[in-house]
Amino acid sequence: MDTEKRLYEAAVEGDVRALQELLQQDALVLDRLTLTCFNETPLHIAAMRGHIEFVGLILAQNPQLATELDSRKSSALHIASAKGHLQIVKMLMVVNPEMCLARDRDGRNPLHLAAIKGRVEVINELIHVRPRAALGTTISGENVLHMCVKHNQLEVLKVLMEIGWDNEFLNAKDVDGHNILHLAVADKQIETAKYLLKTNQIDVNAMDANGNTALDILAESWRDMNDLSIGECLREAGGLRSKDIPVSIIQNSTKIPNDSGGNNHSPVSSTPAYLGENQAEKPPSKGDWLSKKRDTIMVVASLIATMAFQAGVNPPGGVWQENGKLNDQGIPSHKAGEAVMAYNHARPYRYFLRANTIAFVSSLSTILLLISGLPFRRRLFMWGLMVFMWLTVTTIALTYGISIYILTPQKDREPLGQVIQIGITVWCGLMALLLLGNTIRLLRVWKKKKHQIRSSAARKFVSSIYVNV
């Protein structure tokens, strides 16, 4: 036991002389270790610490240790690859190159770990010795490209993509049906998504296990400022929502079953993977403008909600930093944290507060409607959403006008007030016309449908009389 303890201490320090002394005392110490060690061997520890000479001496004395696994089924090559110790990786592969294919408890081989950590030199060496290592998949069906995207290793992804794999490998899916473009879009990795689309090798309209394309995943994910840019890139590359893809393309797509090695393959379609110009020839879908602009409306509503919230908690003119002077009753004229405008401009502040609150609530209502799953292809819901957006944009504009008016010096307020009044009048008139026009169109549609229902009922009645006769 004392000998093993000294051996592990030597591995931690990389003490080659201590290892040589132990081998002189007991030449079989490393051989017995393979029988009694059930966790990390001295080779694991030395590979982790990057002790090149120590690793070389162990491998020279007992090459079998290169195949030993720890409690997580990781070999010394797994550890050296993750750490990026290139020389140790080379030494281990000379002893046993098949360890490039060994999988740990999560199904990851040394190449997967090197990709996760961004070890480009190690990756090149592993693929040079055993190219088949890149084809290995984890227990979740993820290959090395999935690992790069999942852990945001764009430079490693570029190196691997330049090797020249076939489309089947590049478009491979995990157990959830996600290819690397799905993962990049879901994680809002805009640079990775742009790079993948630029290669023209990834199926932009591939569907995951839930039948969602990359554009569907973007629409259903959490919102940030990258949504517009990613959505624009996807559409330029021919990206579509699953509901807009022709049924014939979906039906002609076939899925290759998993092979015995557990590798997942992407669908092979009779149509080109990269759609591009073909989509321009496709007849327009029956969806309305809202289906195409849903993402933009969501981002705009979120931004307005943020603006309204900030204006509410930090009104123009700021807040008092300390309590005011006490009056005769011992009550301060104002309290710290209260809006300055509420005291100096009480009436405009009330208008400001009302307009800002309406903008905030209407923008939140717009967001709620968009994520509610209601059938927005119906004109009634479109009309209701238009009213909310009208209120949102109008009241945030009023909030701006009131704020600018209050912050403007007294000598410049009169011309500014006239400009604001004219702008508000024109804006309200335009919005009223739009509201009236859409309301009239909605009523016409209702009237037309009502007429169609009556005509259909009349035809059924006549038919029933004819049958009875």
Side-chain angles (χ1 to χ4, degrees), residues 66-67 69 72-86 88-184 189 192 195-196 198-203 206 256-268 273:
T67 64
L69 306 177
R72 292 190 56 83
K73 298 185 67 176
S74 296
S75 66
L77 184 57
H78 281 88
I79 296 174
S81 299
K83 286 291 185 178
H85 299 317
L86 181 60
I88 295 178
V89 168
K90 291 181 178 180
M91 294 166 63
L92 290 167
M93 288 193 297
V94 168
V95 173
N96 193 333
E98 292 304 316
M99 293 306 294
C100 293
L101 307 177
R103 308 203 308 169
D104 63 13
R105 194 168 65 183
D106 298 319
R108 300 177 299 187
N109 62 31
L111 181 62
H112 293 148
L113 297 179
I116 290 172
K117 295 296 183 180
R119 315 299 186 187
V120 177
E121 293 182 347
V122 173
I123 289 172
N124 289 329
E125 185 66 24
L126 291 171
I127 291 181
H128 175 72
V129 176
R130 281 292 182 273
R132 286 190 296 122
L135 302 179
T137 58
T138 67
I139 59 176
S140 300
E142 300 165 330
N143 63 21
V144 66
L145 300 181
H146 289 90
M147 295 287 102
C148 293
V149 178
K150 192 173 181 179
H151 296 273
N152 201 13
Q153 295 291 350
L154 179 56
E155 295 305 317
V156 178
L157 179 65
K158 291 180 179 179
V159 171
L160 292 171
M161 292 284 288
E162 291 172 358
I163 292 178
W165 309 101
D166 57 21
N167 279 341
E168 184 177 330
F169 175 74
L170 296 176
N171 288 281
K173 298 179 179 181
D174 60 18
V175 293
D176 295 319
H178 294 145
N179 63 17
I180 53 178
L181 181 60
H182 293 149
L183 297 178
Q189 297 180 27
T192 301
Y195 169 75
L196 293 175
K198 191 181 298 183
T199 63
N200 294 345
Q201 295 178 292
I202 308 301
D203 186 354
I256 301 177
N258 293 346
D259 60 12
S260 58
N263 294 334
N264 293 332
H265 299 283
S266 61
V268 178

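A search for side-chain contact (heavy atoms from CB on, under 4.5 Å) contacts involving H85 returns K83, I88, not counting sequence neighbours. For the side-chain hydrogen bond (donor to acceptor under 3.5 Å, both in side chains) test, residues two or more places apart in sequence or in another chain that qualify with K150 are E142. By the side-chain contact (heavy atoms from CB on, under 4.5 Å) test, K158 is found to be paired with L154, E155, Y195, residues two or more places apart in sequence or in another chain being considered. Shown here are the side-chain contact (heavy atoms from CB on, under 4.5 Å) partners of R105, two or more places apart in sequence or in another chain: R72. Contacts of A76 classified as side-chain contact (heavy atoms from CB on, under 4.5 Å), with partners at least two apart in sequence or in another chain: L43, A47, L92.
The minimum heavy-atom distance between I123 and A115, with the atom names listed, is CD1-CA, 3.7 Å. Considering all non-hydrogen atoms of both residues, V149 and Q189 come closest at O-NE2, 2.8 Å. Here the closest heavy-atom approach between residue I202 and residue T199 is recorded as CG1-OG1, 4.3 Å. Closest of all the heavy-atom pairs between P97 and V129 is CB-CG1, 3.9 Å.
A heavy-atom distance below 4.5 Å is found between the side chains of M161 and Q201. In this structure, the side chains of H112 and N109 come closer than 4.5 Å at one or more pairs of heavy atoms. Side-chain contact check for L170 versus D166: every heavy-atom pair is 4.5 Å or farther apart. Side-chain contact check for N143 versus L135: every heavy-atom pair is 4.5 Å or farther apart. Counting heavy atoms from C-beta outward, L196 and L157 have side chains that approach closer than 4.5 Å. Proximity of L111 to C100: side-chain heavy atoms (C-beta onward) are nowhere separated by under 4.5 Å. Using a 4.5 Å heavy-atom threshold, the side chains of L160 and C148 count as touching.
The aromatic rings of F169 and W165 sit tilted, their planes meeting at an angle between 30° and 60°.
No donor-acceptor distance shorter than 3.5 angstrom exists from the side chain of D176 to the backbone of H178, with no hydrogens or angles considered. Between the side chain of H182 and the main chain of A206, a donor-acceptor pair closer than 3.5 Å is present. Remark: the backbone N or O of R108 is not paired with any side-chain donor or acceptor of D106 at under 3.5 angstrom.
Atoms OG1 and CE, on T137 and M147 in that order, are 10.0 Å from each other to the nearest 0.5 Å. For the atom pair CG of D174 and CG of L145, the computed distance is 12.0 Å after rounding to the nearest 0.5 Å. To the nearest 0.5 Å, the span separating OG on S81 from CD1 on I116 amounts to 11.5 Å.
Contacts classified as salt bridge (charged side-chain N to carboxylate O under 4.0 Å, His left out) and involving residues 112-125 (residues at least two apart or in different chains) are not found.
Test H78, R103, R130 against P110 for side chain to side chain contact (heavy atoms under 4.5 Å, CB included) and you get one pass: H78.
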